2 protein chains.
Amino acid sequence: MTDSHSDDQSPADRFARAREAQAVALLEDYVEMIGDLIEEFGEARVADIAERMGVAQPTATKAIGRLKREGLATSRPYRGVFLTDKGADLADRVRGRHRTVVEFLVAVGVPHSVAELDAEGIEHHVSDETLAVFERFLRGRG
Amino acid sequence: MTDSHSDDQSPADRFARAREAQAVALLEDYVEMIGDLIEEFGEARVADIAERMGVAQPTATKAIGRLKREGLATSRPYRGVFLTDKGADLADRVRGRHRTVVEFLVAVGVPHSVAELDAEGIEHHVSDETLAVFERFLRGRG
DNA sequence: CAATTAAAATAGCCATGGCTATGCATTTCA
DNA sequence: TGAAATGCATAGCCATGGCTATTTTAATTG
Ligand SMILES: [Mn+2]
Ligand SMILES: [Mn+2]
Ligand SMILES: [Mn+2]
Ligand SMILES: [Mn+2]
């Protein structure tokens with residue numbers, strides 16, 4: 001018989017996957033957060049984006065350039081940054097995942113403030129399958 | 001009265017923390033994996049490290065240079081890479097965290113292969129406090 | 001022991017994601 | 001309405017983490 005707990009993936013595959021998740025993590029955080037700013041203030045200015053990300057203003061400008069290149073955002077100087085449909089969709093998905101991860105961690109006993117801190121990184125590495133398990137866990141306890 | 005569910009950290013603090021975790025993630029994976037190779041084969045050669053990481057050989061050489069600079073490893077050409085005490089300690093901690101995260105995910109219902117995949121990224125963002133919660137969860141169900 | 005082969009190092013390229021300093025354009029307001 | 005203040009963009013630096021191509025060095029073998 002074949003080994004009952006086979007490896008499924010090579011380490012190289014796992015590492016490649018983690019590297020890929022890392023590469024998109026920053027853009028995910030930007031779109032989610034730009035969505036938050038628009039929700040809160042009706043607009044997302046470069047300076048506010050930089051402040052909320054905790055980076056210098058030119059760093060935010062550069063990142064916004066990448067968002068534009070990826071078709072996730074547009075911007076008009078002195079008028080703010082806007083999410084495209086694609087960007088808004090991504091923001092929604094990312095925000096949902098963020099909330100689910102935080103709620104799940106809290107549900108298993110992690111203090112809320114710690115859960116928020118850890119979730120900011122964890123969220124980018126949780127697969128749809130794992131996310132579904134978290135949601136089921138949450139439902140299964142009302 | 002003061003808000004009972006206060007924010008605790010600014011978004012900028014959370015993002016900074018996630019960025020920091022990301023910065024060390026790669027070195028953690030290298031030391032853990034080098035430890036595995038030494039365990040399995042008695043030595044960790046540059047070519048094997050590169051293959052297991054899924055990167056080109058010069059990429060591994062460069063990373064090993066960083067490990068050395070950080071005091072985590074030493075190396076002798078044609079003789080392999082070795083972990084310092086500090087490196088071996090880190091490898092042990094990282095491996096323990098990896099195992100705990102995988103076991104926890106499996107315990108809540110994530111398929112093993114998916115758990116392995118997700119854990120490779122998640123492990124670097126799990127705080128000691130959250131890890132302790134995962135361990136308690138695992139103990140509390142034998 | 002010389003020649004071959006294999007292993008590792010080096011050179012040099014690219015993109016990302018940080019930063020500071022500075023320039024320019026738009027708003028705002030006296 | 002023109003000066004001042006503000007907001008944003010640009011230039012240019014650095015480290016990291018990828019890559020390919022090439023060179024060097026060590027190990028192996030005829
Ligand atoms: Mn995040
Ligand atoms: Mn988030
Ligand atoms: Mn990992
Ligand atoms: Mn790992």
Side-chain angles (χ1 to χ4, degrees), chain A residues 11-34 37-38 41-70 72-82 120-121 124, chain B residues 11-34 37 41-82 120-121 124:
Chain A
D13 289 341
R14 281 189 285 121
F15 291 132
R17 215 267 210 136
R19 281 196 298 269
E20 173 57 25
Q22 216 176 41
V24 297
L26 196 75
L27 295 188
E28 291 185 345
D29 283 336
Y30 267 97
V31 294
E32 177 186 0
M33 189 266 277
I34 288 168
L37 284 174
I38 291 171
F41 303 124
E43 63 175 8
R45 305 298 285 247
V46 173
D48 297 333
I49 293 169
E51 198 213 325
R52 192 162 286 202
M53 280 304 287
V55 299
Q57 171 256 305
T59 299
T61 297
K62 243 200 233 179
I64 292 161
R66 287 193 295 274
L67 295 181
K68 292 202 247 184
R69 208 190 37 196
E70 301 286 334
L72 296 168
T74 60
S75 81
R76 285 159 48 221
Y78 307 92
R79 284 292 174 269
V81 176
F82 313 93
E120 199 57 77
H124 307 283
Chain B
D13 288 342
R14 281 188 284 121
F15 292 131
R17 215 270 210 133
R19 281 196 297 269
E20 173 57 26
Q22 217 177 35
V24 297
L26 196 75
L27 295 188
E28 291 185 345
D29 283 336
Y30 268 97
V31 294
E32 177 185 2
M33 190 265 278
I34 288 169
L37 284 174
F41 303 123
E43 63 176 8
R45 305 296 286 247
V46 173
D48 297 334
I49 292 169
E51 198 213 326
R52 192 161 288 203
M53 280 303 288
V55 298
Q57 170 256 307
T59 299
T61 298
K62 242 199 230 181
I64 292 160
R66 286 193 295 273
L67 294 180
K68 293 201 250 185
R69 207 189 39 194
E70 302 285 334
L72 297 168
T74 60
S75 81
R76 284 159 49 222
Y78 306 90
R79 283 291 175 270
V81 176
F82 313 94
E120 199 56 78
H124 308 284

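Order of the sequence lines sets the chain letters (A, B, ...), proteins ahead of strands, with each chain counted from 1. What you see is a predicted model; the values in this text were computed from it and never measured.
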C:dC19, C:dA11, D:dC8: which one has an atom nearest the side-chain heavy atoms of B:P58? C:dA11

Taking atom types as they are modelled, would you say the side chain of B:Y78 forms a donor-acceptor pair with the base of C:dA6 within the 3.5 Å cutoff? no

N or O in side chain of B:R69 less than 4.0 angstrom from D:dT16 OP1/OP2: yes

Roughly how many Å is it from CZ in B:R76 to P in D:dT25, rounded to a whole number? 18 Å

For B:A63 and for A:S75, find the nucleotide of DNA chain D with the closest heavy atom, then tell me which residue's nucleotide is more 5'. A:S75

Just how far is it from atom CE of B:M53 to atom CG of B:L26, taken to the nearest 0.5 Å? 5.0 Å

Could you give the distance from CD1 (B:I64) to CD1 (B:I34), rounded to the nearest 0.5 Å? 5.5 Å

If I take atom CD in residue B:E43 and atom P in nucleotide C:dA7, what distance separates them, rounded to the nearest angstrom? 11 Å

Sidechain N-carboxylate O distance under 4.0 Å for B:E43, B:R45: yes

Counting only side-chain N and O atoms of A:R45, is one of them less than 4.0 Å from OP1 or OP2 of D:dG7? no

Under 3.5 Å, is there any donor-acceptor pair linking the side chain of B:Q57 to the base of C:dA9? yes

Atom-pair distance (CG on B:L67; C1' on D:dA15), nearest Å: 16 Å

To the nearest angstrom, how far is B:D48 atom CG from C:dA7 atom P? 9 Å

Proximal nucleotide (of C:dA11, D:dG18, D:dC8) relative to the B:L26 side chain: D:dG18

Would you mind classifying the nucleic acid contact of B:A47 as base, sugar-phosphate or nothing, using non-hydrogen atoms under 4.0 angstrom? sugar-phosphate

Is there a side-chain polar atom (N or O) of A:R66 under 4.0 Å from OP1 or OP2 of C:dG17? yes

In whole Å, what is the span from the CD atom of A:Q22 to the P atom of C:dG18? 11 Å

Tell me whether the OP1 or OP2 atom of D:dA9 has a side-chain N or O from A:T61 closer than 4.0 Å. yes

Distance below 4.0 Å between A:R19 side-chain N/O and D:dG17 OP1 or OP2: no

Does a side-chain heavy-atom distance below 4.5 Å link A:R17 with B:E120? no

Between A:Y30 and A:P77, the residue closer to the 5' end of DNA chain C by nearest nucleotide is A:Y30

Flag yes if more than 12 heavy atoms outside A:E51 fall under 6.0 Å of its CD atom; otherwise flag no. no

For atom CG of A:D29 and atom P of C:dT16, their distance in whole Å: 17 Å

What is the distance, rounded to the nearest whole Å, between atom NZ of B:K62 and atom P of C:dC13? 13 Å

Decide whether A:K68 and A:T74 meet the rule of one side-chain donor and one side-chain acceptor closer than 3.5 Å. no

Is any side-chain N or O of A:R79 closer than 4.0 Å to OP1 or OP2 of C:dT27? yes

Between C:dA6 (P) and B:E51 (CD): distance, integer Å: 16 Å

